[in-house]
Amino acid sequence: MAKITPISGFPEWLPEQRLIEQQVLDTVRRQFELYGFAPIETRAIEPLDVLLSKGDDKEIYVLQRLHAEDHAEAEFGLHFDITIPFARYVQQHRGQLHFPFKRYQIQKVWRGERPQEGRYREFYQADIDVIGDGELPLAYDAEFPRLIHEIVDKLPIPPLTIGVNNRKLLEGFYRGLGIEDITGTLRIMDKLGKIGVEGVLQQLTDQLGLEPDQAQNCVALGQIRGEDSSFTEEVRALGIEHELLSEGLSELAFVMEACEDLPPGRVGADLSIARGLDYYTGTVYECYLEGHEQVGSVCGGGRYDNLASDAKVKLPGVGISLGVTRILGYLFGRGLLSADRSTPVVVLVALPDEESRLAAMDVARRLRRRGIPADVHHSPQKYGKQIRAAERRGIPYVWFFDPKGEDGHQVRDIRGGQQVPADPDAWTPSEEDFFAG
RNA sequence: GUGGAUGUAGCUCAGCUGGUUAGAGCACCGGAUUGUGGUUCCGGGGGUCGUGGGUUCAAAUCCCAUCAUCCACCCCA
């Protein structure tokens with residue numbers, strides 16, 4: 001083998017971490033299905049023109065055959081998100097899908113950006129979207145914050161603050177101010193949380209050439225927050241009028257009202273959220289780990305009216321994406337989430353002596369037959385060592401049996417040390433002892 | 001992709017201005033304790049000093065390159 005070295009931005013977890021990751025992915029999947037989203041998987045690659053159609057200068061890994069003509073241009077690239085492949089999938093299979101089409105997709109994506117803590121080049125994205133045929137009621141927009149909140153509530157991770165905003169509101173406000181470079185304004189406003197009021201004011205005037213009072217108004221809007229629909233009054237108080245602004249205001253107010261019963265502090269209107277992707281046309285979401293905002297956004301999405309649409313058919317959609325790898329990579333790295341088990345084994349069958357291997361294997365077989373992950377210790381070491389081996393790997397039970405058949409079978413819970421007689425055809429560990437419940 | 005910081009045992013680190021066989025704690029292995037663990041005591045193994053070049057009588061220590069990690073820009077999960 002050639003030199004063995006890690007590749008920057010391509011994380012590989014240890015078994016104990018992967019076990020946690022799988023549990024998280026399972027929880028996410030169950031929650032998605034609970035809300036009626038159907039699973040699909042799209043291929044890892046897309047034609048380059050599909051990938052480039054909606055994002056400007058994306059950091060895309062291109063794919064090329066080793067034997068391709070020397071200077072042949074690459075046709076395909078690895079997808080950098082799964083929203084664009086999904087839009088393509090919907091157009092391709094439109095005839096066979098039922099609308100509104102609710103789907104989830106949990107897949108790896110690849111980006112060529114420079115890695116940092118919580119920023120990877122290969123990572124999992126857990127996406128849910130719903131696409132309507134012609135129309136999609138606003139009620140769908142209101143479903144996602146709740147769904148995300150419920151997922152996070154079930155995971156061993158810090159709480160998430162889910163911020164909601166609306167692109168129409170922002171665009172209408174900017175247009176009402178006479179600003180023409182909407183995209184540029186959004187891009188700078190998006191940094192409000194990071195570079196602060198002064199930084200944003202400066203960039204708005206220096207880079208975009210906005211008048212000081214225009215910039216002041218943008219910042220004033222971006223500072224508005226609220227957990228109910230009261231933000232509407234604050235926006236109106238700024239005295240800007242525009243049709244889009246009114247539309248955005250009422251949409252955002254609707255979403256906030258629909259989330260009012262969620263616990264305080266979880267979901268809020270945050271008028272600084274803009275999001276960089278330019279295909280969003282209405283509601284936008286952005287989530288941060290509470291107390292760990294510096295990791296960046298761990299979940300985001302929004303409504304797009306034109307992503308899957310073409311000249312003839314309107315297929316508006318709304319969706320959100322959860323950054324599983326970013327969350328876990330950060331928590332693992334900081335020791336905020338540590339694994340106590342490196343194997344799914346629940347019972348380690350102790351091996352008394354070499355002659356008893358077949359008998360030990362039979363015990364394991366009888367446990368497995370009833371769905372209990374079991375393994376036989378690799379060698380007939382002293383029982384103290386066999387117990388220690390189980391402890392090191394986080395295996396909760398060690399099974400002992402008397403090869404002469406005199407003392408029968410016993411199972412020891414090595415976390416507490418209790419040891420009781422047990423029948424390999426009947427004994428069952430408690431629900432929590434299974435790693436993947 | 002641009003700019004910057006860092007890189008010594010499995011882990012956390014020490015190693016002064018370059019000078020003999022590179023150290024500590026924890027972890028690991030063996031024994032005291034010939035089969036029921038996490039205490040104690042005794043002993044032990046383990047390091048191409050990220051990698052590759054260069055300067056020098058001599059490099060973990062100085063220089064260059066490269067890789068990896070982290071930070072800022074950028075982008076966002």
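Just so it is clear: chains get the letters A, B, ... in the order the sequence lines come, proteins before strands, and each one is counted from 1. Computed over heavy atoms, backbone and side chain alike; hydrogens, waters and symmetry mates excluded.
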Protein-nucleotide distance ([X], atom [atom1]; [N], atom [atom2]), rounded to Å:
X	N	atom1	atom2	answer
A/Arg392	B/G38	CZ	P	10 Å
A/Arg326	B/A77	CZ	C1'	5 Å
A/Trp399	B/U36	CH2	C1'	16 Å
A/Ile387	B/U36	CD1	P	8 Å
A/Gln116	B/G3	CD	P	15 Å
A/Leu322	B/C76	CG	P	18 Å
A/Glu59	B/C75	CD	P	11 Å
A/Phe123	B/A77	CZ	P	7 Å

**Fill in**
Pairing string of RNA chain B (Watson-Crick or G-U wobble, both atom distances under 3.5 Å; | = paired to other strand) is (((((((..((((.....[...)))).(((((.......))))).....(((((..]....))))))))))))....
Shortest non-hydrogen separation from [X] to [Y] and the atoms involved:
X	Y	result
A/Ile60	A/Gly77	CG2-CA, 4.1 Å
A/Leu63	A/Ile45	CD2-CG2, 3.6 Å
A/Val398	A/Ala390	CG2-CB, 3.7 Å

Have a look at [X] and say if it touches a base, only the backbone sugar-phosphate, or nothing, with a 4.0 Å heavy-atom cut-off.
X	value
A/Gln419	base
A/Gly112	nothing
A/Gly335	nothing
A/Glu117	sugar-phosphate
A/Tyr120	base
A/Lys194	base
A/Pro352	base

Where the side chain of [X] is concerned, which of [options] is the nearest nucleotide?
X	options	answer
A/Tyr383	B/A77, B/G1, B/U36	B/U36
A/Pro6	B/G37, B/G1, B/A68	B/A68
A/Phe400	B/G1, B/C75, B/U36	B/U36

What interatomic distance, in whole Å, is found between [atom1] of [M] and the corresponding atom of [N]?
N	M	atom1	value
B/C62	B/U2	C1'	28 Å
B/U56	B/C73	C1'	41 Å
B/U21	B/U48	P	16 Å
B/U17	B/G7	P	14 Å

**Asked** Looking at residues at least two apart in the chain, or sitting in another chain, which of them share a salt bridge (Lys or Arg N to Asp or Glu O under 4.0 Å) with A/Asp181?
**Response** none
**Prompt:** Is A/Arg18 salt-bridged to A/Glu21, going by a charged N under 4.0 Å from an acidic O?
**Reply:** yes
**Asked** Is the shortest side-chain N to carboxylate O distance from A/Glu171 to A/Arg175 below 4.0 Å?
**Response** yes
**Asked** Does the pair A/Tyr89 and A/Glu46 meet the rule for a side-chain hydrogen bond (donor to acceptor under 3.5 Å, both in side chains), with working shown?
**Response** CA-CA 11 Å; A/Tyr89 177 97; A/Glu46 294 291 336; over 6 Å; no
**Prompt:** Just one of A/Ile128, A/Asp81, A/Ile40 clears the side chain to side chain contact (heavy atoms under 4.5 Å, CB included) bar with A/Phe86, so which one?
**Reply:** A/Ile40
**Residue among A/Phe123, A/Phe80, A/Tyr124 satisfying side chain to side chain contact (heavy atoms under 4.5 Å, CB included) with A/Val109** = A/Phe123
**Prompt:** For A/Ser8 and A/Lys382, take the nucleotide of RNA chain B holding the closest heavy atom to each; which residue's nucleotide lies nearer the 5' end?
**Reply:** A/Lys382
**Fill in**
Heavy-atom nearest nucleotide on RNA chain B taken for A/Arg275 and for A/Gly417; more 5' hit belongs to A/Gly417
Assess whether one donor atom and one acceptor atom, taken from the side chain of [X] and the base of [N], lie less than 3.5 Å apart.
X	N	result
A/Glu391	B/G37	yes
A/Arg111	B/A77	yes
A/Arg114	B/C71	no

Check residues 265-272 of chain A and write down every donor-acceptor pair under 3.5 Å in which the side-chain atom is one partner and the other belongs to a residue at least two apart or another chain.
{"residue": "A/Arg266", "atom": "NE", "partner": "A/Leu160", "partner atom": "O", "Å": "3.1"}
{"residue": "A/Arg266", "atom": "NH2", "partner": "A/Glu290", "partner atom": "OE1", "Å": "2.3"}
{"residue": "A/Asp270", "atom": "OD1", "partner": "A/Arg225", "partner atom": "NE", "Å": "3.4"}
{"residue": "A/Asp270", "atom": "OD1", "partner": "A/Arg225", "partner atom": "NH1", "Å": "3.1"}
{"residue": "A/Asp270", "atom": "OD1", "partner": "A/Ser272", "partner atom": "N", "Å": "2.9"}
{"residue": "A/Asp270", "atom": "OD1", "partner": "A/Ser272", "partner atom": "OG", "Å": "2.7"}

Under 4.0 angstrom between [X] side-chain N/O and [N] OP1 or OP2:
X	N	result
A/Arg187	B/C74	no
A/Lys385	B/U33	no
A/Lys191	B/C73	no

Please list, pair by pair, any protein nitrogen or oxygen found under 3.5 Å from a nitrogen or oxygen in nucleotides 45-50 of chain B.
none

**Complete:** Applied to residues 326-340 of chain A, the salt bridge (charged side-chain N to carboxylate O under 4.0 Å, His left out) test, sequence neighbours excluded, yields A/Glu117-A/Arg334
**Prompt:** Looking at residues 291-300 of chain A, who's got a heavy atom less than 4.0 Å off RNA chain B?
**Reply:** A/Ser297, A/Val298, A/Cys299, A/Gly300
**Item:** Whether over 12 other heavy atoms sit under 6.0 Å from A/Gln418 CD
**Value:** yes
**Prompt:** Hey, which of A/Arg370, A/Arg369, A/His409 is the one that makes side chain to side chain donor-acceptor pair (under 3.5 Å) with A/Asp425?
**Reply:** A/Arg369
**Request:** Would you check if the distance from the ring center of A/Trp427 to the ring center of A/Tyr397 is below 6.0 Å?
**Result:** yes
